[in-house]
Amino acid sequence: MEIPSKYNSQEVENKILKKWLERGCFNADRDSFKKPFCIVIPPPNITGILHMGHALNNTIQDVLVRFMRMKGFASLWMPGTDHAGIATQNVVERELAKEGLKKEDIGREKFLEKLWAWTDEYGTTILNQLKSLGASCDWRRTRFTMDEDYSEAVKDVFIKLYEKGLIYRGNYIINWCPRCKTALSDEESAHKEIDGWLYYIRYPVKQKRSEAKPNEGTAGRDYIIVATTRPETMLGDTAVAINPDDKRYKWLKEMTVILPIVNRELKVIEDAAIDLEFGTGIVKVTPAHDPVDFILGKRHNLEFINIMGDDAVLNENVPDDFIGMDRFEARAALLEVLEEKKLIEKKQAYKISAGHCYRCHTIVEPRLSLQWFVKMKPLAKEAIKVVRKDKIKFYPARWKKVYLNWMYNIQDWCISRQIWWGHRLPVYYCKTCQQKKTESRKLTPESLKGVIVSKVKPEKCPQCRGNDICQDADVLDTWFSSWLWPFATFYWPNKEKSKDLKYFYPSDVLVTASEILFFWVARMIMAGLEFKGKIPFRDVLIHGTVRDDKGVKMSKSLGNTIDPLDIIDKFGADSLRFSLMLSAASGSDVYLSDDKFLVGRNFANKIWNATRFLLLKIRENNFEIDNLKLKNLNEIDRWILGQLNNTIDKVNNELENYRINEATKASYDFFWHTFCDWYIEIVKDNFTLDKAKVLIYVLLNSLKLFHPVMPFITEEIFQIIKEQTSLDIGAFIVNSSWPAKYKLNRVDKNTKKLESVIETIKTVRNIKTDLNLGTKKVKLQVKLKEEDKKFWEVNRGWIQRLTFSESIVFEEKLKRVLYENDLWQVNLGIRDIDTKNFLSSLEKKADNLTKVLDKVAARLANEKFLRNASRQTIENEKNKFGELTVQVGRLKSLIKAFGSSK
RNA sequence: GGGCGGUUGGCGCAGCGGAAGCGCAUCUCGUUUACACCGAGGGGGUCGUAGGUUCAAAUCCUACACCGCCCACCA
């Protein structure tokens with residue numbers, strides 16, 4: 001069979017993928033003879049399409065899973081998808097909008113039908129894209145956060161926490177997205193600085209000026225000035241506040257202030273939280289629309305006036321003129337009125353740090369509302385301990401601090417969402433019991449009267465026996481289901497179905513970007529400890545962000561993305577993976593541009609052609625390769641096997657420490673620059689059956705080293721080797737065993753000679769370049785000891801070829817020496833030579849080495865050095881001094897012989 | 001405001017106490033028994049700045065500067 005000279009990734013990858021899937025190569029089952037290794041995938045959103053971030057994240061996981069699989073572990077990569085509440089609902093809402101409909105038009109039930117239909121149609125798109133990336137998940141096990149069993153786990157957890165008193169319902173200021181019309185958790189509100197204004201507004205004082213005690217500072221005025229960035233919220237003001245120690249406003253303490261436009265009377269409260277330095281030192285207090293004011297409101301028993309609806313449009317709690325206006329419209333209108341009334345003292349440009357909805361980027365409105373929360377402090381306690389004690393380790397380690405810092409300051413988690421797509425809260429209300437409550441502007445603790453927390457709808461209210469019962473309309477935060485992912489995917493808490501859980505839990509490593517450290521990683525740790533009593537994973541591997549070549553984060557909205565599917569099309573999944581792994585220094589961001597992927601493509605082609613060459617030679621020679629028992633090894637063979645051993649060690653070590661880029665680089669360097677550049681070149685013209693076996697042996701083991709990073713091409717070549725030899729090497733490389741070191745039982749005396757020859761070849765090439773000889777063939781004259789002649793004799797052929805020489809002759813005496821090392825001297829058989837370049841490169845070398853030599857000499861002459869440095873260090877320096885002296889001596893005498901250019 | 005990173009050749013990174021390295025880019029040469037998606041070579045860096053510790057500092061310490069993240073209730 002002819003092998004084409006270019007590797008065709010498209011053709012190969014589809015074919016190989018199909019075989020793997022058909023033969024269940026990725027399946028992982030409980031096996032009492034194997035140790036488990038498990039990674040749970042960060043479930044992509046069902047709305048997702050594969051982007052570079054996914055490609056990076058999942059390639060890392062796949063490399064680890066494939067590595068451990070080959071190492072003989074029952075290596076499970078658990079796949080699945082996340083229902084992604086708000087994100088998915090938004091997508092389907094947009095679809096609906098194309099028909100001119102809103103979700104309310106068709107109702108909850110119909111809307112959910114559409115969502116499920118959408119899920120069925122597009123929900124697995126990303127999983128198929130992961131397959132084409134080569135992701136070796138056990139696809140039989142694919143789970144979805146809204147699967148029936150999974151939903152049971154979610155309800156279960158809610159009830160457990162509720163019964164433990166860790167879930168409560170209450171009126172608090174939460175982050176509200178007026179576009180998605182739902183509450184958000186603190187984490188879902190991303191703070192960004194925006195340009196705004198700080199307005200200074202005059203509020204009149206009710207009491208007549210004469211009644212005011214005339215003394216310090218601002219006392220003489222009949223108004224006060226407050227500063228605000230969100231003037232429209234003043235319509236909900238119910239007080240103004242000052243610091244009790246603020247001498248400037250002592251006079252104000254007994255006064256009443258009139259809220260302009262609304263004409264509500266505001267009392268003046270004193271609170272130590274007020275910053276004397278900021279603004280005017282007087283704060284307008286809007287308890288229903290600002291988190292700080294909310295606390296003040298509770299502390300001082302103020303009225304809470306909610307002035308906005310769920311879409312941030314002002315409601316009937318504001319003067320008629322403003323009702324129905326959007327918050328920003330209202331701001332403009334209000335400022336106009338204030339301007340007219342001359343109530344604006346001044347405004348100054350100001351950077352506001354405003355929360356933005358992490359799904360639609362709308363500015364979040366702090367809003368008082370009745371929501372469900374999880375008490376986090378008790379859950380955080382253990383989760384802090386396991387990380388502090390390194391039961392869970394972060395890679396890179398610095399993330400430990402970030403994690404702990406967040407955990408120490410953790411806030412309660414708002415888990416109810418006013419959307420339709422998600423897990424309904426397992427909460428029911430008895431309308432009869434609830435009606436007894438009274439409407440009030442005063443904030444009262446939310447009574448649990450009429451609240452029934454239950455997995456299924458109760459027939460009757462346990463309190464009043466009434467049957468007018470309805471389920472809470474809200475759904476749970478998406479992360480309230482994702483935080484169970486490491487064990488709910490194994491059908492926890494169903495005892496019957498979750499047998500694998502015992503075997504595979506805890507998983508070994510979680511691979512993720514830092515963005516979801518708090519959203520997901522921290523919460524999984526808490527959930528694992530709370531519900532399973534065990535950590536969910538031992539290691540957390542945090543990789544960087546994917547950026548473009550200018551360092552800007554890749555994002556769809558900026559249009560600077562590189563589509564991984566395009567790269568797969570053009571260069572192949574292996575190239576994509578290889579280049580990603582090579583550029584992804586552990587934990588640092590990845591800068592990508594199209595040409596980065598050429599490295600991967602070129603390397604794939606290199607592997608391909610090396611294989612092609614070997615198989616070609618084997619066929620030419622009619623060699624029958626039916627075993628890999630290596631025989632008649634000479635020093636060259638032992639040298640390459642030793643180099644392979646070193647590489648295996650290095651790759652093992654690096655992969656075990658999650659330094660995939662280092663592992664990738666090590667195997668790349670070995671294969672290209674040692675195996676191809678030297679070994680193959682050396683044995684080319686002495687291609688015996690024994691050599692062919694060494695070549696195939698090294699090739700096969702190299703393929704195995706590459707396989708985790710480049711699964712497709714390595715599998716394809718593995719299959720070709722199987723086809724073209726009689727070797728019994730197993731069905732698939734994906735299920736084959738990881739390379740072991742070749743047993744080399746003696747230290748080779750000739751290794752030094754071989755390495756000196758390689759050094760000599762390199763130098764001769766340099767000299768020829770310097771002498772402008774190009775590829776001209778000249779005689780290579782060598783003066784060497786009798787005992788080394790045999791070595792040169794045996795290896796004459798390839799040394800001659802690689803030095804581009806017409807012949808090699810041994811001389812008793814050289815007319816001149818162009819190169820010299822510990823073992824031999826070399827001259828080239830030419831008469832007239834242009835020594836200019838040669839001399840200058842010699843001089844440059846000599847200069848550099850002399851500088852170093854001087855330093856070493858000075859060090860050795862330094863008494864303090866001899867006194868303080870370790871014996872070993874001094875010994876090293878002495879050796880270095882000796883070597884350098886010899887080298888410099890050689891160079892200097894060479895320069896002298898050719899007549900210095902200086 | 002607090003915290004965490006980073007600053008090494010044009011670009012991206014490694015090195016983290018004893019002779020400045022790698023990949024890409026660049027330049028020169030090359031129709032060599034696979035591969036031009038190749039081979040052989042070359043040029044290019046006083047390791048952000050200023051101090052300090054040390055016999056010795058890119059490497060440890062302290063400030064500072066710039067860049068980038070994250071957290072935070074400065075209205």
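Order of the sequence lines fixes the chain letters, A, B, ..., with proteins taken first and strands second; residue numbering starts at 1 for each chain. Just so it is clear, the model here is predicted, and its values are computed rather than measured.
Contact annotation: side chain of A:Lys617 to base of B:U33, donor-acceptor pair present below 3.5 Å.
Spacing between atom CH2 of A:Trp678 and atom C1' of B:G39 amounts to 12 Å, rounded to whole angstrom units. B:C55 atom P lies 13 Å from atom CD1 of A:Ile874, rounded to whole Å. Look at NZ on A:Lys851: it is 19 Å from C1' on B:G18, rounded to the nearest Å. Counting to the nearest Å, the C1' atom of B:A34 and the CZ atom of A:Phe687 are 11 Å from each other. Remark: P of B:A19 and NZ of A:Lys880 are 4 Å apart, rounded to the nearest angstrom. Distance, A:Lys400 NZ to B:G5 P: 13 Å, rounded to whole Å. Taking atom CG on A:Leu695 and atom P on B:U33, their separation rounds to 18 Å, with Å as the unit. A straight line from CD1 of A:Ile767 to P of B:G42 spans 12 Å, rounded to a whole angstrom.
Considering only heavy atoms from C-beta on, A:Leu580 stays 4.5 Å or farther from A:Val546 through its side chain. Side-chain contact check for A:Gln724 versus A:Ile618: every heavy-atom pair is 4.5 Å or farther apart. At a threshold of 4.5 Å between non-hydrogen side-chain atoms, the residues A:Pro4 and A:Glu11 do not count as touching. Side-chain contact check for A:Leu699 versus A:Leu695: every heavy-atom pair is 4.5 Å or farther apart. Side chains of A:Asp677 and A:Glu681 form no contact here, defined as non-hydrogen atoms less than 4.5 Å apart. Annotation: side chain of A:Ile568 is in contact with side chain of A:Glu13 (closest heavy-atom distance under 4.5 Å).
With both ends at atom C1', the span from B:A72 to B:G1 equals 8 Å, rounded to whole Å. Comparing the same atom, C1', in B:G51 and in B:A57 gives a spacing of 14 Å after rounding to whole Å. Look at the C1' atom in both B:C67 and B:U8: the space between them is 16 Å, to the nearest Å. Taking atom C1' on both nucleotides, B:G3 is separated from B:U59 by 25 Å, rounded to a whole Å. Taking atom C1' in both B:G5 and B:A36, one finds a spacing of 42 Å when rounded to whole Å. With C1' as the reference atom, B:C64 and B:A56 are 26 Å apart, rounded to whole Å. Taking atom P on both B:G23 and B:C4, the two are 36 Å apart, rounded to the nearest angstrom. B:C16 sits 25 Å from B:U53 when the P atoms are compared, rounded to a whole Å.
Backbone-only engagement by A:Asn862 is indicated by non-hydrogen atom pairs under 4.0 Å involving sugar-phosphate atoms exclusively. A:Trp798 comes within 4.0 angstrom of nothing in the nucleic acid, heavy atoms only. A:Glu863 comes within 4.0 angstrom of no nucleic acid atom, judged by non-hydrogen atoms across all strands. At a threshold of 4.0 angstrom between heavy atoms, the contacts of A:Arg601 include nucleobase atoms, whether or not backbone atoms are also involved. As judged by a 4.0 angstrom heavy-atom cut-off over every strand, A:Lys768 is placed among residues making no nucleic acid contact. Counting any heavy atom pair closer than 4.0 Å across all strands shown, A:Leu517 reaches no nucleic acid atom.
Ring geometry for A:Phe623 versus A:Phe687: interplanar angle under 30°, hence parallel rather than tilted (30 to 60°). Ring planes of A:Phe671 and A:Phe706: perpendicular class, angle over 60° (limits at 30 and 60°).
Relative to the side chain of A:Asp685, the nucleotides B:U33, B:A19, B:C13 differ in distance, and B:U33 lies closest. Comparing B:A40, B:A14, B:G18 by their nearest atom to the side chain of A:Glu662 picks out B:A14. Considering only side-chain atoms of A:Lys844, the nucleotide from B:G5, B:G43, B:G12 that sits closest is B:G43.
Of the charged side-chain nitrogens involved, none lies within less than 4.0 Å of a carboxylate oxygen, so that A:Lys777 and A:Glu806 do not count as a salt-bridged pair. Note on A:Glu662 versus A:Lys665: no salt bridge recorded, every NZ/NE/NH1/NH2 to OD/OE distance being 4.0 Å or above. The residues A:Lys880 and A:Glu877 are annotated as salt-bridged, a charged nitrogen and a carboxylate oxygen being separated by less than 4.0 angstrom.
Annotation: of the two residues near RNA chain B, A:Lys762 and A:Ser870, the 5′-most nearest-nucleotide partner is A:Ser870. Nearest-nucleotide assignment on RNA chain B puts the 5′-proximal partner with A:Lys401, out of A:Lys401 and A:Ile761.
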Original post:
What one-letter contact string describes nucleotides 69-75 of chain B from 5' to 3', where B marks a base within less than 4.0 Å of any protein heavy atom, S marks contact via sugar-phosphate atoms alone, and - marks no contact?
Top reply: -SS-BBB
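Residues that satisfy the ring-ring contact (aromatic ring centres under 6.0 Å, His included) test with A:Phe394, not counting sequence neighbours, are A:Tyr403. Partners of A:Arg327 by salt bridge (Lys or Arg N to Asp or Glu O under 4.0 Å), not counting sequence neighbours, listed by chain and number: A:Glu365.
The stretch residues 602-613 of chain A comes close to RNA chain B through A:Asn602, A:Asn605, A:Lys606, A:Asn609, A:Ala610, A:Arg612, A:Phe613, each having a heavy atom under 4.0 Å from the strand.
When atom types are taken as modelled, the side chain of A:Glu270 and the backbone of A:Val268 share no donor-acceptor pair closer than 3.5 angstrom.
Using a 4.0 Å cut-off, no side-chain N or O of A:Lys855 falls inside it from OP1 or OP2 of B:A19.
Remark: RNA chain B takes part in the stems B:1-7 with B:65-71, B:10-13 with B:21-24, B:26-30 with B:38-42, B:48-52 with B:60-64, each of 3 or more antiparallel Watson-Crick or G-U pairs, criterion distances under 3.5 Å.
Relative to the ring axis of A:Trp413, A:Arg523 places its NZ or CZ within 45° and under 6.0 Å from the centre. Taking the ring axis of A:Phe613 as reference, the NZ or CZ atom of A:Lys684 stays within 45° of it and closer than 6.0 Å to the ring centre.
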Distances under 3.5 Å only, N/O to N/O: pair up the protein atoms with those of nucleotides 22-32 of chain B.
{"from": "B:C22", "atom 1": "O2'", "to": "A:Lys665", "atom 2": "NZ", "distance (Å)": "2.7"}

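Remark: the A:Lys768 side chain and the A:Thr803 side chain contain no N/O donor-acceptor pair separated by less than 3.5 Å.
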